[in-house]
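Read the structure below first, then the notes.
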Amino acid sequence: MHSYMFYFVLLFFCGAVGFDIKYRKIPNAYIIFGFLAFVLQSQAGHPQLDLLLATILLFPFYLVKVVGAGDVKLLLVLSYGIGASRAIELFIDSMFITAAAYLILTLFLRIMNENIKIQNYPYSVSLLAAYCIQIAIEGWVL
C-alpha cells in the first residue's frame, strides 16, 4: 500500500470511529464518501472481487448480530481500498481485540464491585486498533 493510501485509510478510520463513539452509528453519507474515494484511489488488483468476497464472508456475522450494519459497511469499503484478504484479517484480529477488551472491562468492573452491564461497545474502535497493530507489525514508520 502506498503511503498516501495508508494515511487516507487511517484518516477515514478515525472519522468512522469518531462517529461510532459519539452517535453509535456510522452515517451512510460518510461510508459513500469513503467508497468513492477508495474507488478513485484503489490500488487493489481486483477490487470488485475483493468487495464480493468480503460481502460473502461478512454478511453472515451481521445476520447473527455479531456486528452491526455500519461495521459491515465500513469493512466492505475498507476491503475495496486495502483488499479483501487484509480486511478479513482485520476483522479476525478485531474480534480478538473486542473479546480481550470486554474481558478486561468486565474483570475491572467486578473488582470495583460495579454492577454495570456493558452494552453497545463501538466495534469500529477494535477495527482501528487491529489496523494500527497490523501496520506496526509490518514495520510502517510514520
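Count residues from 1 along the sequence. Everything numeric in this text was worked out from a predicted model, so none of it was measured.
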Notebook entry, point to check: Which hydrophobic side chains are connected to Leu103, either touching it within the sub-4.5 Å cutoff or through other members that do?
Noted result: Leu107

Next item on the list: Return the set of residues passing side chain to side chain contact (heavy atoms under 4.5 Å, CB included) with Phe96 (not counting sequence neighbours), or none when no residue passes.
Entry: Ile92

Next item on the list: Keeping to residues at least two apart or across chains, list the side-chain hydrogen bond (donor to acceptor under 3.5 Å, both in side chains) pairs with something in residues 10-27.
Entry: Asp20-Ser124

Checklist line | Partner set under side chain to side chain contact (heavy atoms under 4.5 Å, CB included) for Leu11, not counting sequence neighbours | finding: none

Without placing hydrogens or testing angles, list every side-chain donor-acceptor pair under 3.5 Å for residues 26-40, not counting sequence neighbours.
unit_1: Asn28; atom_1: OD1; unit_2: Lys73; atom_2: NZ; d: 2.3
unit_1: Tyr30; atom_1: OH; unit_2: Phe12; atom_2: O; d: 2.7

Check: Picking from Leu78, Ile135, Val77, what satisfies side-chain contact (heavy atoms from CB on, under 4.5 Å) with Val9?
Finding: Leu78

Check: Below 4.5 Å, heavy atoms only, C-beta onward: do Glu138 and Phe6 meet side chain to side chain?
Finding: no

Check: How far apart are the closest heavy atoms of Leu10 and Cys132, and which atoms are they?
Finding: CD1-SG, 4.2 Å

Margin query: With heavy-atom distances below 4.5 Å as the criterion, would you say the side chains of Val17 and Pro122 are in contact?
Written below: no

For residues 62-71, run the donor-acceptor check on the side chains, cut-off 3.5 Å, and write out each pair with its distance to 0.1 Å, sequence neighbours left out.
unit_1: Asp71; atom_1: OD2; unit_2: Gly68; atom_2: N; d: 3.4

Note to self: The criterion is side chain to side chain contact (heavy atoms under 4.5 Å, CB included); which residues satisfy it with Ala130, sequence neighbours excluded?
What the structure shows: Leu90, Asp93, Ser94, Ile97

Next item on the list: Starting at CZ of Phe59, measure out to CG of Leu75 and round the result to the nearest 0.5 Å.
Entry: 14.5 Å

Check: Among all residues two or more places apart in sequence or in another chain, which pass the ring-ring contact (aromatic ring centres under 6.0 Å, His included) test with Tyr123?
Finding: none

Item checked: Working for side chain to side chain contact (heavy atoms under 4.5 Å, CB included), residues Tyr131 and Leu127 -> CA-CA 6 Å; Tyr131 181 70; Leu127 287 171; over 6 Å; no

